Amino acid sequence: MLRIFDKVSDIQSVLSKERAGEKSVGFVPTMGALHAGHLSLIAKSKQENELTVASIFVNPTQFNDKRDYALYRRDLEGDSKMLEDTGCDLLFAPSVEEMYPNESYKTLDFNPGPMGERLEGAHRPGHFAGVAAVVKRLFDIVQPDKAYFGQKDYQQYLIIRKLVSDFEMPIKVIPCPTEREESGLAMSSRNERLSPEGRKQAALIYKVLSKAKEQISDKSMSLSEIRQKALDSLERNGNFKADYFDICSAEDLHAATEQERATERLVICTAVNLEGVRLIDNVLA
Ligand code: PAF
């Protein structure tokens, strides 16, 4: 049975009792509008912990685009039902006032370093500052042993990993594989804003990423040629406008060099706009 809380003090008192019984706590922070990707994180947490906590909070401070914030689907009832069916134990779904009782909670003295400036950081000013502050607040409230994040937001995962390390929080941050629709499109709450035709076209993103991954391993082209070809296919084959398509170090997201190609784990990351919806995806290479 899913127990739902909207007050910090209420969930904290239940969690402190559970922890006194030595239960391990797994945590899945979300903004709601849940899909199979989120549910796979809940399932993973259930496998690895005695208690699974999810949160739903559409965090205003991480949206640099007001329209995106307004359009973000809110459906606490539908989401709770999905969480209950997946066997989640506790849900924390606070109001903005509860999360941010004063302005000081909205900011954090944390610097993700150069990786925070790249990719999403370059295109969504203030986004990661908002993410870091809300995740720190959620971690302080829930104090999980493990926290689960989808690989689709790879840069977010790396930044949260650094946050946990910088603040010496005893939390294991666990990246989980991206869940995909049958077409290959990465699952995202924003996919539902696409028209049926747009959703079909969006399958191209994963095709182009997969092609680039193949080209990286077969060594027939330079990284800059691969990148340019990918951008060309995205812009030529659909109504996409690409914000970026970059081949990066999977460790800190700096642009990978030809030498690193053979020795380092890489990640190919892209963000595209289609029908006014911004979609991101990546593959490890
Ligand atoms: O990935 C998300 O849904 C959000 O960025 C998160 C981690 C829940 C913080 O608001």
Side-chain angles (χ1 to χ4, degrees), residues 6 8 11 26-42 44-45 52-66 68-76 79-80 82-83 88 90-96 98-100 105-108 110 112 115-116 119-121 123-144 146-164 167 169 171-179 186-193 269 271 277-282:
D6 59 5
V8 172
I11 189 153
F27 181 39
V28 180
T30 81
M31 298 204 297
L34 301 182
H35 50 68
H38 298 110
L39 301 184
S40 73
L41 305 182
I42 301 283
K44 175 99 170 137
S45 168
T52 291
V53 183
S55 65
I56 294 182
F57 178 62
V58 187
N59 175 31
T61 69
Q62 72 186 73
F63 285 82
N64 54 314
D65 176 352
K66 288 203 173 68
D68 193 28
Y69 177 64
L71 286 176
Y72 214 88
R73 182 163 64 79
R74 278 97 167 155
D75 174 17
L76 188 57
D79 287 345
S80 310
M82 288 166 92
L83 290 171
C88 182
L90 308 185
L91 168 62
F92 180 50
S95 64
V96 174
E98 186 70 12
M99 276 302 273
Y100 299 127
Y105 286 102
K106 292 186 178 169
T107 55
L108 190 65
F110 166 66
M115 79 177 157
L119 311 174
E120 292 301 284
H123 288 268
R124 302 183 65 188
H127 169 66
F128 286 125
V131 169
V134 79
V135 170
K136 172 75 167 55
R137 172 111 172 98
L138 288 166
F139 281 178
D140 288 345
I141 295 166
V142 176
Q143 297 177 33
K146 294 181 180 169
Y148 298 82
F149 293 88
Q151 193 204 301
K152 182 176 78 69
D153 297 295
Y154 189 77
Q155 187 173 16
Q156 168 172 279
Y157 153 67
L158 288 184
I159 288 174
I160 291 169
R161 196 175 71 171
K162 183 167 192 307
L163 175 81
V164 163
F167 284 89
M169 289 183 265
I171 301 172
K172 202 158 180 247
V173 179
I174 304 187
C176 301
T178 303
E179 293 289 320
M187 286 194 186
S188 161
S189 310
R190 292 182 178 88
N191 292 353
E192 60 194 45
R193 285 191 228 152
C269 300
V277 184
R278 193 165 180 283
L279 302 166
I280 63 171
D281 198 358
N282 64 76

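Just so you know, ligand 1 is whichever comes first in the structure, and atom 1 is the first atom listed for that ligand. This structure is a prediction, so every number in the text was calculated from the model and none was measured.
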At under 4.0 Å between heavy atoms, what of T30 touches ligand 1? The answer is backbone

Of all the non-hydrogen atoms in the protein, which one sits nearest to [atom], and at what distance?
atom                   : value
atom 2 (C) of ligand 1 : Q156 NE2, 3.8 Å
atom 3 (O) of ligand 1 : M31 CG, 3.6 Å
atom 4 (C) of ligand 1 : Q62 NE2, 3.6 Å

Ring of F110, cation from K136 - is the NZ or CZ under 6.0 Å from the centre and inside 45° of the axis?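 No, cation not above the ring by the 6.0 Å, 45° rule.
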
Among I159, L158, D153, the one residue meeting side chain to side chain contact (heavy atoms under 4.5 Å, CB included) with Q155: I159

If the cut-off is 4.0 Å to any non-hydrogen atom of V134, which atoms of ligand 1 fall inside it?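 This gives 9 (C), 10 (O) as the contact atoms.
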
Under 3.5 Å, side chain of D6 to main-chain N/O of S95, donor-acceptor pair present?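 Between the backbone of S95 and the side chain of D6 there is no qualifying donor-acceptor contact (under 3.5 Å).
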
Look only at the side chain of R137 and the backbone of M99, and say whether a donor-acceptor pair between them is shorter than 3.5 Å. yes

Closest approach of F27 to P144 (non-hydrogen atoms, all atoms of both residues):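 Scanning both residues completely, I find the closest heavy atoms to be CB-CB, 3.5 Å.
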
Evaluate N59 for polar contact with ligand 1, using N/O atom pairs at a separation under 3.5 Å. no

